[in-house]
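Working notes for the structure below.
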Amino acid sequence: MLSKREVFDGVPEEYLSHKERYENAIRNSVVAFSLVRKMQEEGKTSINNYRDVVGGLLGSSVLRDGSPLGLHYIMFMPAILNQANEEQQEKWLPRAWNCSIIGSYAQTELGHGTFIRGLETTATYDAATKQFVLHSPTLTAYKWWPGGLGQTANYCIVVAQLYTKGQCHGIHSFIIQVRDEETHMPLPGIKIGEIGAKLGLNAVNNGFLGFDNYRIPRTNMLMKHAQVLEDGTYVKSRHSKLNYGAMVFVRVVIVFDMVNYLSKAVTIATRFSAVRRQCQLKAGETECQILDYVTQQHKLFVSIAAAHAFRITANKLWLTFNEVNEQLVEGNLQRLPELHALACCLKAVTTADTAACVERCRLACGGHGYMMSSSLPLTYGLVTAACTYEGENTVLLLQTARFLVKTYQQLDSKALTPTVAYLKTAAAERFCVGWSNTTEGIIRGFQVVAMRVIIMSTFNEEVQEMSRTVSPQLKEVLHQLVDLYCTYWALEKLSDLLLYTPISQKEVESLRLRYEETLTNLRPNAVGLVDAFDLRDEMLQSTLGSYDGRVYERLMEEAMKSPLNAEPMLQSTLGSYDGRVYERLMEEAMKSPLNAEPVNYTFHKYLKPFMQGKL
Ligand SMILES: CC/C=C\C/C=C\C/C=C\C/C=C\C/C=C\C/C=C\CC/C=C/C(=O)SCCNC(=O)CCNC(=O)[C@H](O)C(C)(C)COP(=O)(O)OP(=O)(O)OC[C@H]1O[C@@H](n2cnc3c(N)ncnc32)[C@H](O)[C@@H]1OP(=O)(O)O
Ligand SMILES: Cc1cc2nc3c(=O)[nH]c(=O)nc-3n(C[C@H](O)[C@H](O)[C@H](O)COP(=O)(O)OP(=O)(O)OC[C@H]3O[C@@H](n4cnc5c(N)ncnc54)[C@H](O)[C@@H]3O)c2cc1C
């Protein structure tokens, strides 16, 4: 087994180039996953411990910044299990299990990540040839982000708008070969490469993928839930959201992942705090361990408690996930909305809390926490990504809110599912029950809070009609900024205000309404207000923040500068805005420090032997 922080020719991975990082990741991954495959062959893995084995590996020191093979295990295989019919599973699963094919999961596009009903990639059924034609009509339709897709995967699950007999039936999943299994070259009609350097997970080889009227057999549509018959007839799924199953699975798994990362970070910070001596509690005494300071305990101990709370929660969520999936197999969809809401809520809460806790652990270690060798910056990069991928946290919390408001509205007409049964009690008893400073009392208090917030949200949704105009006067706008700043911090520091001022409950409720009103009032001037900072593009140096708003073209231009994209030469239109795409590609390739080798040498040296079971 490779040693911790395996090096590349003697150089710690922090000092590797972008290309060397990738090669190091491939080499470490094929060795690590060869062991997983050996465990499979010896019958030592099941779907349950598989999650822990792979999850442990992906978060381990061997694959410390992710793996180009991660998506193969995390989403490609679960998507086949969750969305392919039996015949398709028989065809694809054995090859995926033994890694003779390597897959990814391509759903997000340059132009859409959250709003998946707005995805632009099309899959149009051609009954004459019994094929689907995959196409990327615009630059924003390019798949953007799929892990491992840059230079590693040769298959992927692609989510596209399904058209048959001239009608669109919404997004569906397809299994698609994107590279030749022998040469690893992109197949004709496929435009593929990696998206470039990121805040973290720089070993994951996230890629982009565009289709130019690319044909696949009809039987490559994953048909467990919905089907397209040979004559093009569409047979719809029992529940429109069963196709979203892969996302629910990963959200559940992410909660386990947060337990791993939070446990690591707080272990590092707590042990360091026991070693580190700084300043004296009393003059003349020896310097004390910083762990003795209450402020240091305030920073760290809640993370220890959270790690245990998340582990218990993750196990309970995993049980619920398996229970509901068994019911789905029997056609009982009753608890699917609750599972979706639970997975959304717990993925958002555990990732946000873990990111905040890991940052506190870094800060608790002073300057040494800022060193890459502490592993805290890298861990932060890993966990903060989880606040975005697999459903951006805000959006997932809105999904949870949607479920809770709907549950409240049906409180008297529908039986409550286990996780929201408390709402019935909170609704039945008087709200302002006495407070008790016990664990049960605090939980009870939060249940009452949840109930009241749901009622307020329902009230706002049903009654609130806000029509507003904004005066163009700058004075007016600046007043709004002052107003926003005051109400934001009043709400942020509400516990202090409730403790030390006579603010009433009614005033708090109107403060919240005023805050939302100020947000709405400022919205029309938001871009103008940042333009007013007059920061030139050269100063911003950001593909997202340039003055002209050409975000997607700049993202693609920057991606093309990656040294990994020089091989193989991309034959692709890329939807360029000025049409000089080929000249530019050639110019960029000539600048690349890489040889224009047809395929990165790691394919022949590591990946192909691994896929052929020779490693
Ligand atoms: C075989 C292998 C076995 C084990 C695996 C091995 C190893 C794994 C172990 C460890 C792995 C280690 C680490 C894993 C950790 C991290 C993962 C690493 C990498 C992650 C890579 C990232 C991948 C991605 O990011 S993929 C792309 C993710 N994208 C999203 O999540 C998009 C988010 N957007 C949405 O989900 C939707 O757009 C939406 C926001 C939900 C809105 O959808 P829509 O507009 O259609 O719906 P409405 O809001 O109108 O609601 C309508 C209705 O539908 C219900 N609904 C919505 N979604 C779902 C769902 N998913 N399930 C069920 N129901 C859903 C919604 O509640 C509404 O219902 P009502 O009408 O009744 O209210
Ligand atoms: C490290 C990493 C790995 C990834 N891997 C993959 C992968 O393997 N495969 C894949 O398909 N995708 C992958 N993704 C993409 C990821 O799923 C998307 O980035 C994510 O779904 C968010 O979508 P977005 O980027 O379009 O952000 P947006 O949705 O554009 O979010 C931008 C802002 O808009 C806000 N917003 C958006 N919609 C609403 C709304 N309805 N209400 C209120 N606010 C809203 C959000 O809260 C956010 O503040 C990855 C992303 C990252 C960072």
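Positions are given from 1, in the same order as the sequence printed here. Whatever order the structure lists ligands and atoms in, that order sets their numbers, starting from 1.
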Next item on the list: With heavy atoms only and a cut-off of under 4.0 Å, state how Met75 meets ligand 1: side chain, backbone, both or neither.
Entry: side chain
Checklist line | cation_pi(Arg37, Phe610) dist<6.0 Å, angle<=45 | finding: yes
Margin query: Using a 3.5 Å cut-off on N or O atoms only, is Tyr73 in polar contact with ligand 1?
Written below: no
Next item on the list: Examine ligand 1 and decide if any of its atoms is less than 4.0 Å from a heavy atom belonging to Ala386.
Entry: no
Margin query: Quick test of your reading of the model: are Arg512 and Glu516 salt-bridged, counting only N-O distances below 4.0 Å?
Written below: no
Margin query: Geometry only, no angles: is Arg117 polar-contacting ligand 1 at N/O separations under 3.5 Å?
Written below: yes
Next item on the list: Give the ring-plane orientation class for Phe115 versus His112, where under 30° counts as parallel, over 60° as perpendicular and anything between as tilted.
Entry: tilted
Checklist line | Partner set under ring pair (Phe, Tyr, Trp, His ring centres under 6.0 Å) for Tyr234, not counting sequence neighbours | finding: His169, His172
Checklist line | Part of Met247 within contact of ligand 1 (heavy atoms, under 4.0 Å) | finding: side chain
Item checked: Carboxylate-amine/guanidinium contact Glu557 Arg550, below 4.0 Å -> yes
Next item on the list: Check each heavy atom of Ile116 against ligand 1 and say whether those closer than 4.0 Å belong to the side chain, the backbone, both or neither.
Entry: both
Notebook entry, point to check: In chain order, what residues pass the side-chain hydrogen bond (donor to acceptor under 3.5 Å, both in side chains) check against Glu109, with sequence neighbours excluded?
Noted result: Thr121, Lys143
Margin query: Test of understanding: given a 4.0 Å heavy-atom threshold, classify the contact between Phe76 and ligand 1 as side chain, backbone, both, or neither.
Written below: neither
Check: Under 30°, 30 to 60°, or over 60°: which ring-plane class applies to Tyr515 and Tyr488, parallel, tilted or perpendicular?
Finding: tilted
Next item on the list: Decide side-chain contact (heavy atoms from CB on, under 4.5 Å) for Gln107 and Ile116; before the verdict, give the C-alpha distance in whole Å, the side-chain angles of both, and the deciding distance to 0.1 Å.
Entry: CA-CA 8 Å; Gln107 174 176 299; Ile116 52 183; 3.2 Å; yes
Item checked: Residues which pass side-chain hydrogen bond (donor to acceptor under 3.5 Å, both in side chains) with Asn206, listed by chain and number, not counting sequence neighbours -> Lys198
Next item on the list: Answer yes or no: is there an ion pair linking Glu323 with Arg335, defined by an N-O contact shorter than 4.0 Å?
Entry: yes
Check: At under 4.0 Å between heavy atoms, which part of Arg251 makes contact with ligand 1: side chain, backbone, both or neither?
Finding: side chain
Check: Within the structure, does Thr108 bring an N/O atom to less than 3.5 angstrom of an N/O atom in ligand 1?
Finding: no
Margin query: Below 4.0 Å, non-hydrogen atoms only: which portion of Leu81 touches ligand 1? Side chain, backbone, both or neither.
Written below: side chain
Could you list each nitrogen or oxygen of ligand 2 that sits under 3.5 Å from a protein nitrogen or oxygen, with the atom names and the distance?
from	atom 1	to	atom 2	distance (Å)
ligand 2	8 (O)	Gly147	N	3.1
ligand 2	9 (N)	Tyr105	O	3.0
ligand 2	11 (O)	Gln107	N	3.0
ligand 2	11 (O)	Thr108	N	2.8
ligand 2	11 (O)	Thr108	OG1	3.2
ligand 2	12 (N)	Thr108	OG1	2.7
ligand 2	17 (O)	Thr108	OG1	3.4
ligand 2	23 (O)	Thr114	N	3.4
ligand 2	26 (O)	Gly113	N	3.0
ligand 2	29 (O)	Thr114	OG1	2.4
ligand 2	47 (O)	Glu392	OE1	2.6

Note to self: Tell me whether Glu359 contacts the main-chain N or O of Tyr380 through its side chain, where contact means a donor paired with an acceptor under 3.5 Å.
What the structure shows: no
Next item on the list: Answer yes or no: does an N/O atom from Arg402 fall short of 3.5 Å to an N/O atom of ligand 1?
Entry: yes
Item checked: Geometric N/O contact Trp97 with ligand 1, under 3.5 angstrom -> no
Notebook entry, point to check: Does Trp145 reach ligand 1, in the sense of a heavy atom lying below 4.0 Å from it?
Noted result: no
Note to self: Within the supplied structure, the quantity of interest is the number of heavy atoms (other residues, nucleotides, ligands) at a distance under 6.0 Å from Leu319 CG; does it exceed 12?
What the structure shows: yes
Checklist line | Contact (N/O only, under 3.5 Å) between Gly391 and ligand 1 | finding: yes
